[in-house]
Each structure stands twice: as C-alpha cells, then as structure tokens.
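Below: one structure, written as structure tokens.
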There are 2 protein chains.
Amino acid sequence: MKVKTVIYEDNDQLRDSLELLLSDSSGFEVAGTFNNCMNCIKQMDSLLPQLVIMDIDMPGMSGLEGVKQIKTLYPGIRIIVYTVFDDDQRIFDCICNGADGYLLKTISPLKLVESLKEVMDGGTPMSPFVAKKVFQYFRDKTTINADFQLSRREIELLEYLVKGYSYKMIAASCFISLDTVKKHLQNIYRKLHVCCGTEAVAMALKHKIVKLD
Amino acid sequence: MKVKTVIYEDNDQLRDSLELLLSDSSGFEVAGTFNNCMNCIKQMDSLLPQLVIMDIDMPGMSGLEGVKQIKTLYPGIRIIVYTVFDDDQRIFDCICNGADGYLLKTISPLKLVESLKEVMDGGTPMSPFVAKKVFQYFRDKTTINADFQLSRREIELLEYLVKGYSYKMIAASCFISLDTVKKHLQNIYRKLHVCCGTEAVAMALKHKIVKLD
DNA sequence: TAAAAAATAACCCTATCGGGTAATTGTTTC
DNA sequence: GAAACAATTACCCGATAGGGTTATTTTTTA
C-alpha cells in the first residue's frame, strides 16, 4: 500500500522534481500538487492524503497557516515542512502548529525520502541544523540567569505573593505578624531591584525563582 | 584522524560491546571505558577526549550529573547520552545540562555509529521517540489554555502592570486619567478571576497573555 | 442604522502597600 | 566566643490600590 501524498510548493520546477522523486520511490503515490495552500482544506476533504509536504513561503496563504488549518481539522494527516527558512521563529511556529517534521531544502533527495518514510513510521524527522536549534532552545530557556541571594524564608513569602496572597493573608499563612511580612517583602524588593509586588512577581517568574505548578 | 572517545557504561557486557563496535568502526578510537563517572573530570583532564558516550543509570554518580560537570568544564567535548530511559524528565534534564544527543539503547549498532559521526559533524542525533517528545513538548508549552476575552486596550494595560508600572505611571504612559486606568484594571481583574495586581501578573504570565521579552 | 461593546472620565471611600527607623532573638560561620 | 546573618516584632506615615456608582463618547458589530 503506497502512501497517498500531497505536495504544496510554489516553485514549479521544484514541485515537479518532488513529484518525480516520490513517484520513483516505491512507497509513495502523489495524489496532488499545488503551488499555494489557499484551498488546502478543500483539497484535504477531497483527496484525503496520509502525508503532506508543505513549503512555507507561498503566495496567498503561508504554509504555516496551512499546517495549522490542516492539523486542526485532520490531526491524523502527517505534515512535513520543507523550506529554506532556518530561523528560530519559523521553526518553532511550525512545530507549535503541529508539524510532524521540519526539513531544510539543503537535504539530499535520498535523505528526504528516508525522512518521509520515517514520519510515516511515527517518527519526527528534522534536519541536523533544526535539531541543534531545538536543543539550544531548551538550554537557553531553562538556564537560571541570576542569583538574588534570597533566603529560604524570603522565597517562601515570594511564593505566596505570586499566588496573589495579600500581606495579611501571608502573615496568617506563615503564622507571623503583618510587620514581619512587610519587612521580608521590603528585603525581597530590594534584592530583586524592584519597587512593588507586581514587578516582583514578574521578576520571580522570569528568573524561575518560583515555579507556577 | 580518529575521534578520541570515552565510554561510561556500568553494564560490563554492553561496555565491552560498545568498545568493540567503535574499535571496528573506522573513525573512532576508544581512549578509555569506565563503569561509573565519579571521577569523570579527572578522566577528562588526563584523556582529553573529543567524544563521550554516557549512560545515565550508574552507581555513585548519575550520568546526568556527569554531563553537567563535563560540559561546565569542557564545553567543547561532545556528549551523547545512551540510555534505556525515555521519560520526559530525564530527556529534558540531559538536554538542558548540555547533552549533544540522546540515543535510546534500542538503536541499532549501525545507527549508533552513524549518530556518533553525526554529532562530530556538529549535528544533534536523537532517537525518533526522543524527537517526538521534544516536538510534543513545544506544542504543549505554547498552547494557550484559556481565552479571557480581554480587549486590546486591556492587554496593553496588563503589559504595563507586568512591567511593574504603578497605576499613575500607566495613566501617564497611556495618556489617560488615573480613573480610567483603575476602571480598566478592575475589568481585567474580573475577567481573569483574580483580586489584585500581583495575582493578575502571575495569571498573565502563566497563560501567556503577555510575554516577558 | 440600531445595538452592543470598548474606552473614557469623575467622585467617594477604605484597606493595603511599602518605606523609614529601631530593636530583639536565634543560627551559622569564622 | 565574636561577628554576621536570618527571622522576628513594633510604630509612624503617606501614597497607592482597588471597589462601588454613574455617565459620556467612540468604535465595532449585527
């Protein structure tokens, strides 16, 4: 049983090359090729493919929007983004909108076919450069950039503040006086270099001093 | 020039197999093999490898800790995590601590050697299952879970609040009266189901209504 | 064009916030 | 054992936050 595939690619030559490549490759059957994805939902309705190869930069509607629409209505259809763009924004947008793989056009035809097979096996193929960006993203996002030298007690009070507790509620929860709460918060604001509670909450969450569930 | 490699793996049989596999493979040279990574830094100091293959579950010190220590002192050494564990926590911890690849032990010897070559070419090899988890993580993390029906203006004011602006400062920045600011924030608090500014900031950041840089 | 929603503004009022100053008790750390 | 630090409490005081009520204008939507 061959994999029913639809190709979205606005470059005529490349689109024909892709069709030829897949027709030659045992395992794939090209059900349709289009130079834009403005009617992608209608095309999905009528062609019911198992796999979509999607370019990003196309006239009318971007491939990103196409991925979003198709995945919303047909979450089972596998979508491989195939593009020249390697910037963080587009990569992460496509992933978040449901792409099952992200391949740069620098990939060899052999690797491309391998990747298409991989995605039909439930895998998530991506170009090495994309994989690197994804790993880097995790490292950047989880690195705690600052040590504000807050004491254990101060962090505890800060957690209550993030939860939206008033000074009075914090005092009751910690079994300490209101004045002590004020003193602690005052020290916390000084250490965080902020001047009010709202800013302290933003700072605490930004630097992951306290976590949200 | 062969790639100088060190192997950390507490299963004696597997460790020997790995050494044999890499010795057979043109391109790699095993500089040392160990059944724990308690002295990994000293071993790095003396062996100065280009590549480390790291198991996670080892006696004494976990491979995760090993990755962290080695990457802190020798960021240039490539580290491939090679393990049976496929849970989110361990995968993401290893990535965040600097692993350059994450391979499950279900991988074939051929693919393993390919992946080691890939990482030395600057790539980031990972098992298909790991790639899937990573993509899924992005989708989960960026999905906005709630629609609070805030107007454009309300979101604008909320952004100022997150920055730590006082009501008065917001009024000045938006060129509106203090009373209008109060009214807007009152509506915002009602829509977010919170009762004060600090809680609103936490809610706004939690649900990504506003972003931090 | 009518209705609904968003944005604007004013007034009143009280609880809370948050800074300053000063002092007492335990705990670490050197 | 002295010194430094963390945690605690108290008092004073002014600015701010935030709720209630009412009303006008502008923009959006049906």
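The basis for the numbers below is simple: all heavy atoms, side chains too, and nothing from hydrogens, waters or symmetry mates. Below, chains carry the letters A, B, ... as their sequence lines are ordered, and counting in each starts from 1.
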Which of residues 181-194 of chain B have a heavy atom under 4.0 Å from DNA chain D? B:Lys182, B:Lys183, B:Gln186, B:Tyr189
Whole angstroms only, please: what is the OH-C1' distance between B:Tyr167 and C:dC17? 12 Å
Is a side-chain donor or acceptor of A:Ser166 paired with a backbone partner of A:Met169 at a separation under 3.5 angstrom? yes
Does the side chain of A:Arg78 come within less than 4.5 Å of A:Gln50's, by heavy atoms? no
Rounded interatomic separation in angstrom, taking CG from B:Leu178 and P from C:dA10: 10 Å
To the nearest angstrom, the CD1-C1' distance between A:Ile170 and D:dA7 comes to 16 Å
Do A:Lys71 side-chain atoms and A:Ala99 backbone N/O form a donor-acceptor pair below 3.5 Å? no
To the side chain of B:Arg153, which of C:dG18, C:dA7, D:dT9 is closest? C:dA7
Side chain of B:Glu154 - closest among C:dA7, D:dT8, C:dT16: C:dA7
Are more than 12 heavy atoms, taken from residues, nucleotides or ligands other than B:Lys168, located less than 6.0 Å from that residue's NZ atom? no
Between B:Asp179 (CG) and D:dG19 (P), how many Å, whole number? 14 Å
Could you go over nucleotides 25-28 of chain D and give all protein N or O partners under 3.5 Å, atom names and distances?
none

Distance, rounded to the nearest Å, where A:Lys168 contributes NZ and C:dT14 contributes C1': 11 Å
Rounded distance [0.5 Å steps], CD1 in A:Ile70 versus CD in A:Gln43: 8.5 Å
Sole residue of A:Asp86, A:Asp55, A:Leu112 in side-chain contact (heavy atoms from CB on, under 4.5 Å) with A:Lys105: A:Asp55
Applying salt bridge (Lys or Arg N to Asp or Glu O under 4.0 Å) to A:Glu156 and not counting sequence neighbours gives A:Arg153
Distance check needed: C:dA9 P versus B:Phe175 CZ, whole Å only. 12 Å
Taking any heavy-atom pair under 4.0 Å as a contact, classify A:Thr180: base, sugar-phosphate, or nothing. base
In terms of relative ring orientation, are A:Phe92 and B:Phe138 parallel, tilted or perpendicular, with 30° and 60° separating the classes? parallel
Within the pair B:Ser151 and C:dA5, is there a side-chain N or O less than 4.0 Å away from OP1 or OP2? no
Do any N or O atoms from the side chain of A:Asp121 and from the backbone of A:Gly123 form a donor-acceptor pair under 3.5 angstrom? no
Separation of C:dC17 atom P from A:Leu161 atom CG, nearest Å, is 9 Å
Check the distance between D:dA17's C1' and B:Met169's CE and give it to me in whole angstrom. 15 Å
